[in-house]
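Just below is one structure, and these are the notes that go with it.
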Amino acid sequence: MDKFRIRSNDKSGIIFDIGIAYTKIGFTGDNGPIRIIRTPSELFSEFKDKIPTLRNRKQPSDFKEAFEEGEKRLTESQIEGNNQLPLQKSETQQIYEQETFVANSLQNIQNLYEKLDIFLNQLFYYELLQKLTNKIIYICKNHLIPHEFYDKLGAILFNKYEITKIQFVLNNSLPLYITGQLSGLVVECGYYDTQITPIYEGFPLMNCLITSKCGGYLINKFLKNYLLKDNTNINFQNIDFLQLEDIKFKYCKLLLKNQEDQYNINEEMITKSKQTLIPTSLIASQIEQPVQLEKSQKSQQIHQQKIQLSYYTSTKSLSQGLFGNVDSDEPNIAYSILQSLQKCDPSVAIKVSKNIIISGGVASTRGFYERLRQEVLFQLDNNPQVHDVKYLKKYLSFTRINYPPNTLPWIGASIVNQLNPNEKYCITIEKFRQNSSVIPDIFGNDYVYMLNQTSKDQEQGNEADDII
Ligand SMILES: Nc1ncnc2c1ncn2[C@@H]1O[C@H](COP(=O)(O)OP(=O)(O)OP(=O)(O)O)[C@@H](O)[C@H]1O
């Protein structure tokens with residue numbers, strides 16, 4: 001990739017794409033960030049701590065036991081005063097529900113200012129090594145991240161680093177710039193969610209935006225659960241983010257739907273795929289915590305033991321995290337894409353489906369494109385809920401871009417800088433202070449405003465500005 005890296009001499013702007021899992025930073029005019037680093041987990045630790053742990057309950061073996069279990073949980077939930085549903089839920093369902101919890105508790109970030117301050121300090125003084133005076137900062141804004149996050153970021157940049165101007169760019173529109181077209185469907189598969197945004201003639205159609213819980217986090221959750229079951233003699237309880245990511249990148253692969261179905265056809269085949277092991281170079285000591293090793297009587301043995309990843313775990317964790325069963329209300333990217341197209345006017349849907357751009361780290365998963373294409377067609381053919389968009393089948397076209405998918409929003413922001421940046425989306429230090437140290441909601445309210453404005457403009461025969 002580095003062979004194709006363009007480094008411009010223009011260092012007048014710095015582009016930030018602070019993702020929940022990874023932060024991409026670099027200079028305007030380049031065709032890729034100079035650093036991709038892990039966004040510190042402390043930045044969001046408050047909401048992480050609130051993730052409820054799965055209770056390790058024995059699965060009931062028959063209906064009577066399930067019923068009794070349900071009764072017991074009902075009594076418990078009444079005593080504890082929690083709202084948990086009394087009936088035994090499938091483990092998968094419990095994992096999906098935790099996701100909602102995580103997204104909601106993003107609102108509860110405390111001490112954010114201090115944490116962001118430390119992180120920015122690291123970025124500027126250890127990663128970029130740049131003087132910041134007179135620099136314009138471009139921030140790729142994820143409009144689902146709470147507003148307070150950007151307010152705090154703005155406060156530090158303006159007050160501490162004396163930045164004079166920040167330009168906000170909308171994360172879920174940016175990859176479109178790389179295709180050189182004004183219309184397309186941007187599918188941004190991030191860590192906590194996947195956002196699907198149709199963009200028509202330069203307008204992100206926020207009323208057709210669909211957010212699905214599919215993302216890296218859900219895959220990691222499934223992967224951990226399967227690993228716990230796969231290797232009962234290795235303790236995966238303490239496996240951390242980077243170790244899960246490592247296993248996922250190196251050994252997990254999505255199969256085509258028909259290939260995967262072959263292994264789920266009956267119990268015998270499932271057992272077979274659980275027993276077919278992928279050779280890994282990972283050994284247990286890389287995963288287990290030293291403290292636990294000391295406690296273990298067989299520490300030496302476990303220390304040397306190779307982690308055995310089954311074929312089943314490798315494929316299932318990915319497919320369940322991305323292409324859940326729609327009939328059981330599980331998130332599925334393919335279905336969400338079609339739901340978003342369903343919301344569009346047919347002429348708009350035709351146009352945007354000719355340029356579907358997959359962006360975000362999850363798109364680097366091995367076998368992702370092939371499986372996604374197949375799942376979309378499968379949903380169109382078999383899911384009655386999306387029959388009304390079957391006419392789009394002949395138009396669907398996935399645009400392949402030769403840049404790493406996790407950098408596409410960043411590169412889009414770099415292109416924005418080369419075009420004529422819209423002053424309307426710039427926040428100056430004066431504007432920030434006048435607005436009581438709050439970043440104005442330039443995309444949310446403004447977009448609604450523009451929608452109204454468009455209809456008024458049309459009546460008056462005026463043309464509205466493009467907002468991307
Ligand atoms: N080669 C790869 N194979 C599998 N998964 C990958 C690969 N590269 C990145 N990912 C996954 O993609 C996910 C999202 O990465 P990305 O860099 O888009 O995150 P982010 O920008 O922090 O997320 P968000 O947009 O939600 O803030 C991560 O969980 C990561 O594990």
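Indexing begins at 1, ligand by ligand and atom by atom, following the structure's order.
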- Item | Contact check, R366 vs ligand 1, heavy-atom distance below 4.0 Å | no

- Give the atoms of ligand 1, by number and element, whose distance to some non-hydrogen atom of E188 is under 4.0 Å. 25 (O)

- Task: For atom 7 (C) of ligand 1, find the nearest protein heavy atom and state the residue, atom name and distance (0.1 Å precision).
- Result: F249 CE2, 3.1 Å

- Numbered atoms and elements of ligand 1 in range of Y192, under 4.0 angstrom, heavy atoms: 26 (O)

- Item | Ligand-residue contact atoms, ligand 1 with T365, heavy atoms, under 4.0 Å | 3 (N), 4 (C), 5 (N)

- Proximal atoms of ligand 1 relative to N406 (non-hydrogen, under 4.0 Å): 17 (O)

- Task: Find out whether the Lys NZ or Arg CZ of K257 is both under 6.0 angstrom from the six-membered ring centre of F378 and within 45° of the ring's axis.
- Result: yes

- Evaluate the ring-ring contact (aromatic ring centres under 6.0 Å, His included) criterion for residues Y312 and Y263: first the C-alpha distance (whole Å), next the side-chain angles of each, then the deciding distance (0.1 Å), finally the verdict. CA-CA 8 Å; Y312 187 82; Y263 283 93; 9.3 Å; no

- N/O of V362 under 3.5 Å from N/O of ligand 1, yes or no? yes

- Query: Nearest protein heavy-atom contact for atom 1 (N) of ligand 1: which residue, which atom, what distance?
  - Reply: S364 CB, 3.3 Å

- Should the pair Y161 and Y125 be assigned to parallel (<30°), tilted (30 to 60°) or perpendicular (>60°) ring geometry? tilted

- Message: Tell me whether T28 contacts the main-chain N or O of G13 through its side chain, where contact means a donor paired with an acceptor under 3.5 Å.
- Response: yes

- Message: Contact between E188 and T197 at the side-chain level, heavy atoms closer than 4.5 Å - yes or no?
- Response: no

- Task: For E245, counting its heavy atoms only, list the atoms of ligand 1 lying under 4.0 Å from any of them.
- Result: 28 (C), 29 (O), 30 (C), 31 (O)

- K213 with E330: basic N within carboxylate O range, under 4.0 Å: no

- Message: So that I know where these two stand, are F16 and F124 an aromatic pair - ring centroids less than 6.0 Å apart?
- Response: yes

- Query: Does A21 reach ligand 1 with a nitrogen or oxygen that is under 3.5 Å from one of the ligand's nitrogen or oxygen atoms?
  - Reply: yes

- Note on the structure: Min over Y22, Y217, Y191 of heavy-atom distance to atom 29 (O) of ligand 1 lands on Y191

- Atoms in ligand 1 flagged as close to G360, the criterion being non-hydrogen separation under 4.0 Å: 18 (O)

- Item | Top protein contact for atom 27 (O) of ligand 1, by heavy-atom distance | I20 N, 2.7 Å

- Query: Counting N and O atoms only, with roles assigned by atom type, does the side chain of N332 sit under 3.5 Å from a partner on the main chain of N325, one being a donor and the other an acceptor?
  - Reply: no

- Query: Between K24, R38, K248, K253, which one has a non-hydrogen atom sitting closest to atom 21 (O) of ligand 1?
  - Reply: K24

- Write out the residue and atom name of the closest protein heavy atom to atom 10 (N) of ligand 1, then the distance separating them to 0.1 Å. G361 O, 3.3 Å

- Item | Side chain to side chain, D345 and K351, heavy atoms closer than 4.5 Å | no

- Give the ring-plane orientation class for F241 versus Y22, where under 30° counts as parallel, over 60° as perpendicular and anything between as tilted. tilted

